[in-house]
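What follows is a set of notes on a single structure, which appears directly below.
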Amino acid sequence: MGLLAVAVPVIVHLLNKRTAKVVEWGAMRFLLDTLMRRRRRILLEEMLLLACRCLLVALLVLALARPFIPEGSRVPWPIVLPLVLLAITLFAVNFALWRYPKWRRRVVALALLAALLGAGAILAERWLNLRRFGADPARDVALIIDGSTSMTMDVAGRTNFDRALEEARRLIEHAPRGTAFSLVLGGPTPIVATPAPVSDRAQLYRHLDGLRPALGTMQTLDAVGAALMTLAEGHRSARQIVVISDGQRHGWGMDRLEDWRLAGAAFQRFPSPPQLLLRRLELPTSIRNVAVVDLSLSRAVVGVDRDVRIHVAVHNTGTESVTPQALHLRVGDERLSDFSLGQIDPGAERRVSFLHRFHAPGAHVIEAALEVDDEMAADNTMRRAMQVVERVPVLVVDGSSARRFAQRAGGYVTAALAPEQRQVPAEPPAGMDRPEHLLAPEWIEASALPARDSFDAYALVVLADVRSLPSSTRDRLADYVRAGGSLMALHGTRSDSEFYNSWQAGAETFLPFPLQTLEAPGEGESLGFDLATFEHTALQGLRDDTDMARTVLGPYWRFGEAETSAGRVGARLSNGLPWLGEVRRGRGRALQIATALDGSAGNLVAQRSFVPLVHALTYHLTRSVAAPLDLDPARTHTLRLPLAEAKPEDEEGVAGFWTAGLPAEVQGPDDARFAAEFFSAGDGLALRIERRLSPGLYEVSVPEALSALLTPVMHPERHTLPFTIRADQRASLLQPLTGRDIDRIRPYLDFMVADNSEDAVRVLTGQAFGRELWRILAVAAVLLVVAETALTRWIAIQRRVGEKDPVEFDAKPSLASMGSGQRQ
Amino acid sequence: METRKASPMDLPRYMRLLPGQTTATLARLELVARGMMEGFIAGRHRSPHKGFSVEFAEHRQYTPGDDLRHLDWRLLGRKDRLYIRQYVEETNLRCTVLVDASGSMGYRGERAAAVNGRPASKFEYAQYLAASLTYLLAGQQDAVGLVTFDTRQRMYIPPRSRASQVRHILEELDRTEPGGETSLADVFHDIAERIPRRGLVVIVSDLFDDPDALMKALHHFRYRRHETIVLHVMAEEELHFPFEDFTHFHDLEIDEQELAADPKSIRAAYLDRVRSFLRTVETGCGKMEVDYVPMSTRTPFDRALSDFMASRSGR
């Protein structure tokens with residue numbers, strides 16, 4: 001409507017002409033002449049001025065109307081807007097052309113065309129917006145509140161998480177009546193606060209009050225999925241998902257666009273696809289933050305016999321250099337050491353490692369805490385629960401019966417696993433018994449194996465060049481592996497390929513690969529390892545080992561590599577044939593090596609790297625001995641726990657428990673308490689927690705009846721079972737979601753971004769919003785004012801040229817003076 | 001002349017053309033024809049007609065600029081007064097005054113000198129000029145005639161030196177209203193042919209016609225050996241174009257012709273055009289020895305006239 005003001009200059013122009021004085025004029029011939037000559041110029045000036053003024057008014061009116069480019073608009077506004085302005089200008093120019101009907105018609109036609117295009121675009125936009133935003137006031141809205149670590153950052157005295165909650169309250173408050181909300185807390189795994197949309201405000205506020213930051217990264221796709229589930233429970237036709245977040249790129253799955261496509265497909269399955277609105281909270285431009293991003297141990301299985309190296313990585317995720325006062329390391333209640341890290345520049349990572357020996361087996365909590373004053377306190381600490389294992393029993397089955405230890409096929413392996421006692425310090429630390437070796441090998445001859453009923457007591461069984469086994473023993477071994485045990489088969493000259501190839505698991509051999517032929521390196525051929533192919537996890541540390549590079553191997557078995565086989569090659573010989581393979585069978589693993597590990601296999605046993613090799617492989621295969629107490633975030637959690645002794649038969653007291661389960665209480669971060677359940681699983685126990693847990697340290701109070709059984713995984717002093725949920729603290733790497741990222745998601749779903757709460761509320765009330773243009777328009781108007789002034793002045797100056805010398809119209813004074821001169 | 005002595009209440013309408021102070025000024029003026037002039041004051045002008053009688057008519061008070069030869073020395077000796085002797089046959093000057101009565105002459109500028117209480121239109125200005133000249137010449141016993149015209153000749157009063165001639169001319173002038181288009185050239189050719197003996201031709205006009213045609217017509221007068229004086233009357237507004245606001249210029253000559261324009265945008269070009277017009281006319285007149293006298297209506301006509309007289313008699 002305001003654009004009608006554009007008519008003002010035109011009306012002024014016309015009025016100027018209409019209300020002009022009428023002068024009865026005599027010297028018409030000069031006027032006509034003049035006009036004939038100046039007509040074009042005058043017309044041009046008039047057109048320019050009129051266009052300038054109309055455009056100016058149009059810009060001012062538009063700027064005052066505060067137009068905006070609707071968020072996610074599909075209309076090319078950079079073209080349409082100038083088109084509208086062009087239409088206005090042409091419309092104005094048309095009035096200057098009133099003496100030229102032909103031109104006027106053309107200009108009017110052009111103006112109409114431009115105006116029609118512009119109006120069409122505006123109408124299309126409105127129609128699209130109506131379709132997008134709908135007129136139906138009743139809608140289901142899923143609110144996803146970002147509970148990631150970065151939301152806990154202190155921004156101007158408050159955390160963004162608090163802001164997000166406030167924003168959510170605002171949205172609930174300002175939403176039209178009949179709007180139902182569901183709440184989802186975004187985190188590593190989404191936590192659904194209300195499974196279905198609720199319209200009871202009080203209830204929603206209560207839920208909001210109960211929300212705490214989940215920490216870690218918000219996995220947006222998962223959160224959106226959870227939100228969709230809640231929306232599916234609603235019954236209103238219009239649906240929206242509002243993500244209130246600080247818009248960290250991490251967790252938005254920009255590398256998983258395929259998942260976004262699938263999410264978009266899920267959106268499309270609704271009768272009217274929901275919209276996704278990101279309400280982006282502001283982040284300060286300058287951020288001071290360091291985070292502990294890694295806390296890991298050098299070995300998968302840790303005992304009390306040896307030191308273990310603990311690695312800590314500290315990363316500056318902010319934009320300013322930070323100097324933490326100290327890095328404190330604690331194991332349980334014991335403070336180990338403090339490190340001074342010095343200044344850490346933005347984006348830099350500092351790694352620290354230290355040696356520690358655990359004094360007692362059981363569950364321990366390692367903690368790395370930064371003493372630093374930064375904006376996110378949550379990521380300054382990382383805790384990790386882990387089990388220190390007392391013993392790892394290994395059964396070495398030897399295929400040869402040589403009297404001399406060195407001639408036995410399993411001799412070197414046994415020796416490597418348990419070095420002589422003198423290698424252990426004579427004086428154990430105070431308060432400790434003389435430590436036994438963590439790895440406790442037991443050597444038996446193959447002939448003694450059939451006598452064993454069960455291998456459950458061993459973490460690993462090594463078949464050292466065993467020729468063959470009775471089928472019953474073979475089946476027992478297979479069961480043992482499937483139940484979670486580990487098997488390592490070494491193939492020397494004694495191995496019987498017939499036996500091993502007939503040991504089947506389904507269509508494949510039980511071991512990773514069938515044995516084809518026993519081959520020996522040719523004359524003068526030096527067979528070694530191709531270290532570049534050492535891809536097996538346990539071998540990674542040996543890739544750069546010079547000893548391994550110098551190794552010369554003896555006879556070896558050629559494996560039949562089948563493409564369908566589940567077995568994977570972990571290392572190869574220098575001639576390209578596989579040396580080591582591994583396969584998962586049930587819950588356990590079977591590892592196979594193409595050579596023996598004894599004196600017949602070349603100089604490998606003589607290398608310094610031999611002991612680390614055997615240890616690495618053993619630790620790798622026995623890592624399930626330690627209960628995994630450091631868990632990834634998930635929807636439900638199940639901890640499998642090893643027992644101190646064999647599961648008791650139905651006894652008094654615990655009889656019902658094996659079938660019905662036993663409740664336990666878990667205490668989480670922020671003193672949150674909830675229930676969990678112990679239940680019987682296979683040959684052990686498991687703890688089941690039927691809820692999503694946010695990262696942090698949890699402690700399970702172990703019922704009295706189980707405390708004896710669970711000693712290996714209980715804290716030596718506190719008599720609780722601790723476990724941790726991992727946080728991806730790299731999430732605090734602050735990298736905002738860019739416009740390009742948003743554009744990449746847009747093709748899949750109706751995605752909008754609102755940078756203030758007014759816009760967010762507008763979406764909930766069914767209105768469009770977008771990027772405001774008034775600033776650009778106002779600047780353009782100012783420029784136009786300048787242009788108009790310049791033009792006017794220029795024209796005035798042009799006109800004044802030639803007006804300066806007046807027309808002389810007097811009797812020549814010279815004549816009069818001449819006359820008077822004569823008279824005298 | 002008697003009429004002048006009567007009470008102003010009884011003055012005929014045409015006498016407005018000779019305001020009191022004007023006649024007083026004019027009384028002391030004399031129009032001196034330049035060039036070869038028939039029957040003009042004997043001895044003063046070379047006359048083609050020799051031996052005509054020189055009969056004394058009356059005395060006239062001396063005014064500075066009068067030839068001392070005509071001074072009545074005896075009267076001076078007797079009465080110690082300066083008088084000029086005038087002769088009856090002195091009035092052989094035949095003067096025709098051509099007054100442009102076309103529409104364009106009807107333009108009344110705001111800046112024109114006021115006569116009888118309001119700014120004079122160009123035509124009024126021309127009327128006053130013509131009346132004054134008539135009065136002046138008649139007073140000198142010269143024969144005066146009048147032609148009014150627009151596209152064609154409207155009225156022709158042949159030059160006579162009768163006593164009633166002044167009244168006749170003044171009445172005719174008073175009756176005339178400006179209107180119609182200007183077409184000077186044709187009219188001038190016509191008139192040039194009609195005036196039987198050579199004499200003085202005074203053209204009072206704004207000369208709004210094609211300059212070339214105009215020059216040809218003026219040349220016709222010269223060809224007929226007429227002494228020609230052009231009194232070019234233009235309004236101040238026409239010379240300076242002082243308009244500011246958007247204006248509709250309505251043609252005074254062709255009724256339906258109207259022109260709307262922003263004066264500011266065309267002023268420079270207009271002035272340029274006027275300048276070149278004036279230059280053409282002036283140089284053209286100069287070449288033909290036509291006496292060209294620009295007269296802006298801003299200058300009161302009596303002063304303009306007396307200035308002209310002064311410059312003329314000085315030559």
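Chain naming here is simple, since letters A, B, ... match the order of the sequence lines and numbering starts at 1 in each. Atom set for the values below is all heavy atoms of this structure, side chains included, hydrogens, waters and symmetry mates excluded.
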Exercise. How many angstroms lie between CE in A:Met28 and CZ in B:Phe249, if you round to the nearest 0.5 Å?
Worked result: 8.0 Å
Exercise. Excluding sequence neighbours, so at least two apart, what forms side-chain hydrogen bond (donor to acceptor under 3.5 Å, both in side chains) with B:Arg118?
Worked result: B:Glu124
Exercise. If you look at every heavy atom in A:Ala27 and B:Tyr270, which pair is closest and at what distance?
Worked result: CB-OH, 3.6 Å
Exercise. Non-hydrogen atoms of chain B under 4.5 Å away: do they reach the side chain of A:Ile795, the backbone, both or neither?
Worked result: neither
For this session: Give the ring-plane orientation class for B:Phe277 versus A:Phe30, where under 30° counts as parallel, over 60° as perpendicular and anything between as tilted.
Result: tilted
Exercise. Most heavy-atom pairs under 4.5 angstrom with chain A, which of B:Gly109, B:Ser104, B:Ala269?
Worked result: B:Ala269
Problem set entry | Rounded distance (nearest 0.5 Å) linking atom CG of B:Leu271 with atom OG1 of A:Thr34 | 8.5 Å
For this session: Apply side-chain hydrogen bond (donor to acceptor under 3.5 Å, both in side chains) to B:Ser205 and list each qualifying residue two or more places apart in sequence or on a separate chain.
Result: B:Asp100
Problem set entry | Taking every non-hydrogen atom, the tightest pair across A:Gly26 and B:Leu252 | N-CD1, 3.8 Å
Problem set entry | chain A neighbours within residues 234-241 of chain B, where any heavy atom lies under 4.5 Å away | B:Met234, B:Glu237, B:Glu238, B:Leu239, B:His240, B:Phe241
For this session: Could you have a look at B:Phe208, B:Phe243, B:Tyr292 and say which one has the most heavy-atom pairs with chain A under 4.5 angstrom?
Result: B:Phe208
Exercise. Measuring heavy-atom distances to chain A, does B:Asp245 have an atom under 4.5 Å in its side chain, in its backbone, in both, or in neither?
Worked result: neither
Exercise. Has B:Arg108 got more than 12 heavy atoms of other residues, nucleotides or ligands less than 6.0 Å from its CZ?
Worked result: yes
Seminar exercise, completed: For B:Ile266 and A:Leu31, the nearest pair of non-hydrogen atoms, with its separation, is CD1-CD2, 3.5 Å
Exercise. What's the verdict on side-chain contact (heavy atoms from CB on, under 4.5 Å) for B:His250 and A:Trp25, showing C-alpha distance, side-chain angles and the deciding distance?
Worked result: CA-CA 6 Å; B:His250 182 254; A:Trp25 188 248; over 6 Å; no
Exercise. Which residues pass the ring pair (Phe, Tyr, Trp, His ring centres under 6.0 Å) test with B:Phe188, sequence neighbours left out?
Worked result: B:Phe149, B:Phe221
